2 protein chains.
Amino acid sequence: MTVPGLRERKKQRTRDALIRVALELFTDQGYERTTVDEIADAVDVSQRTFFRYFSSKEEVAFAVQHMVEERFVHALGQRPPDEAPLDAMRNAVLSAWDTIGEAIAEVVPVELHLRAYRMIESTPALLAVHLRRSTEMEETISRIIAAREGLDVDEDPRPRIAVAAFSGVMRVTGQMWGRGTDGSLEAIRALTEEYLDHLGPALVPHWRDRPGEGPGAAA
Amino acid sequence: MTVPGLRERKKQRTRDALIRVALELFTDQGYERTTVDEIADAVDVSQRTFFRYFSSKEEVAFAVQHMVEERFVHALGQRPPDEAPLDAMRNAVLSAWDTIGEAIAEVVPVELHLRAYRMIESTPALLAVHLRRSTEMEETISRIIAAREGLDVDEDPRPRIAVAAFSGVMRVTGQMWGRGTDGSLEAIRALTEEYLDHLGPALVPHWRDRPGEGPGAAA
DNA sequence: GAGGCTAGTGACAGTCACTGACAATTGACA
DNA sequence: TGTCAATTGTCAGTGACTGTCACTAGCCTC
């Protein structure tokens with residue numbers, strides 16, 4: 001591809017600066033205590049310009065998340081078609097976690113993004129938006145899974161159901177990670193694996209045995 | 001109990017009127033196109049008073065939902081302790097669906113509430129709040145389930161995981177119901193049963209068999 | 001490389017959700 | 001009946017967001 005023109009590069013720089021400054025202010029002072037004016041002033045653009053880049057104050061908080069999601073969707077598309085749905089999703093998340101680092105670092109320090117993620121989890125207004133975005137993702141994923149299995153997502157509820165269950169676990173994972181003390185990338189990866197391992201067993205009728213000992217359901 | 005005083009009754013009437021008028025305006029004109037001033041004017045109170053009853057414009061949209069949730073939690077508390085977790089939750093939802101009608105009708109027509117529910121599902125800002133509220137519910141439910149099973153919710157992830165999977169399915173149910181054409185109470189009840197029946201089978205590795213025929217996992 | 005075109009920006013005014021402060025009103029209750 | 005406390009209205013202010021319009025600066029053509 002050709003190098004984008006000056007105009008384009010300038011826009012990209014402004015956008016990245018807005019994201020970086022916003023996340024810094026949000027994580028430092030808190031989301032609510034940061035005004036859009038502050039962000040705009042720090043980047044030296046007008047408030048109006050901020051809203052031309054991001055349709056809302058919330059949106060800027062999810063700009064990096066958005067990149068991560070695209071990566072996951074891409075990874076899911078690459079999974080071999082003979083993998084079972086849950087395995088494909090599991091492997092896609094794990095492989096996404098492995099390669100996000102570099103992609104994020106081009107815009108903001110990874111550490112800042114992780115702090116931002118925890119801020120989202122602990123800020124009610126952002127948590128709400130985060131969850132809605134997650135369900136939009138679920139719809140996307142459901143369609144991919146359905147396509148893999150040769151099913152019509154509007155005829156057969158199983159793709160949406162499996163994805164809903166899977167995403168539910170992923171959400172709890174993010175939550176627990178956010179509440180814990182180990183804020184590293186490795187920690188969230190490990191939690192992801194651990195929690196997904198519980199998904200099958202958690203659904204069997206008897207829980208009184210220890211995890212892993214009971215008659216497991218899914219792989 | 002004694003009859004509440006005039007002051008108390010007046011407050012209750014104002015509150016109910018605000019809810020009813022709000023839901024009517026929301027469902028008629030749309031949530032975004034309805035201002036708090038409109039609602040307050042229609043009930044003949046000041047905007048300031050509206051915000052003394054509801055901390056936000058969103059909150060009034062969920063006032064009825066709130067009642068329904070309380071009912072579910074109560075029903076769950078009543079389930080016999082030997083029921084498996086998923087069964088207890090399933091039966092609690094179904095029994096809640098059976099008795100909501102009357103409780104709601106004291107405040108707003110049931111039909112209005114059902115329309116409001118669909119409006120919530122289709123209004124991004126409200127959907128976001130709805131989802132966050134759902135996760136708060138999940139936390140409550142997880143603790144009840146953990147208690148039933150004699151587990152510590154912070155030690156053993158299985159209660160949260162099972163509840164997350166369960167709630168995921170319930171959410172998809174609500175979504176599908178909202179998108180469908182049959183907006184009746186019976187329809188959502190039937191969907192609930194049908195979708196929950198898929199939860200176990202959807203998690204087994206092989207989907208290529210028809211539902212129910214494959215080697216099922218959970219009950 | 002001058003000039004027109006247009007994307008991007010700033011300035012400004014306005015709407016709407018929401019909050020704090022204070023004064024006015026009105027049930028409750030001695 | 002008069003006092004107290006809860007409830008409400010009014011007013012002023014903040015912050016998110018939008019429409020409009022004039023202006024500036026890359027871009028592209030001749």
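Just so it is clear, the model here is predicted, and its values are computed rather than measured. Residue numbers start from 1 in every chain, and the chains themselves are labelled A, B, ... in the order their sequence lines are given, proteins ahead of strands.
Going from atom CD of Q47(A) over to atom C1' of dA16(D) covers 7 Å, rounded to whole Å. Computed from coordinates, the D44(B) CG to dT7(D) C1' distance equals 15 Å when rounded to whole Å. As rounded to whole Å, 13 Å separates atom C1' of dC18(C) from atom CD1 of I39(B). Atom CD of E38(A) and atom P of dG15(D) are 9 Å apart (whole Å). Across the protein-nucleic acid pair, E32(B) atom CD and dT18(D) atom P stand 10 Å apart, rounded to whole Å. Rounding to whole angstrom units, CD of residue E59(B) and P of dC18(C) are separated by 10 Å. In this structure, CG of D41(B) is placed 12 Å from P of dC16(C), rounded to the nearest angstrom. Taking atom CZ of F51(B) as the reference point, atom C1' of dC11(D) lies 16 Å away to the nearest angstrom.
Using a 4.5 Å heavy-atom cutoff, the side chains of D152(B) and R143(B) are not in contact.
Between the side chain of R48(A) and the base of dG19(D) there is at least one donor-acceptor pair of N/O atoms closer than 3.5 Å. With hydrogens and angles ignored, a donor-acceptor pair closer than 3.5 Å exists between the side chain of R52(B) and the base of dG9(D).
Looking at the side chain of K11(B), the nearest of the listed nucleotides dT7(D), dG15(D), dA17(C) is dT7(D). Checking dC27(D), dT8(D), dG10(C) against every side-chain atom of S46(A), the shortest atom distance belongs to dG10(C). Checking dA17(C), dT9(C), dG27(C) against the side-chain heavy atoms of Y53(A) singles out dT9(C) as nearest. Checking dT9(C), dT8(D), dA16(D) against the side-chain heavy atoms of T14(B) singles out dT8(D) as nearest.
Side chains of H66(B) and E59(B): no donor on one and acceptor on the other come within 3.5 Å. R71(B) and T99(B) share a donor-acceptor pair across their side chains, judged by distance under 3.5 Å alone.
If you find the closest nucleotide of DNA chain C to V36(B) and to E8(A), the one lying nearer the 5' end belongs to E8(A). When the nearest nucleotides of DNA chain C are assigned to K10(B) and E58(B) by heavy-atom distance, the more 5′-ward of the two goes with E58(B).
At the phosphate of dT8(D), neither OP1 nor OP2 sits under 4.0 Å from any side-chain N or O atom of T49(B).
Atom-to-atom distance recorded for E138(B):CD and R133(B):CZ is 13.5 Å, nearest 0.5 angstrom.
In summary, the aromatic rings of Y117(A) and W177(A) are positioned with their centroids under 6.0 Å apart.
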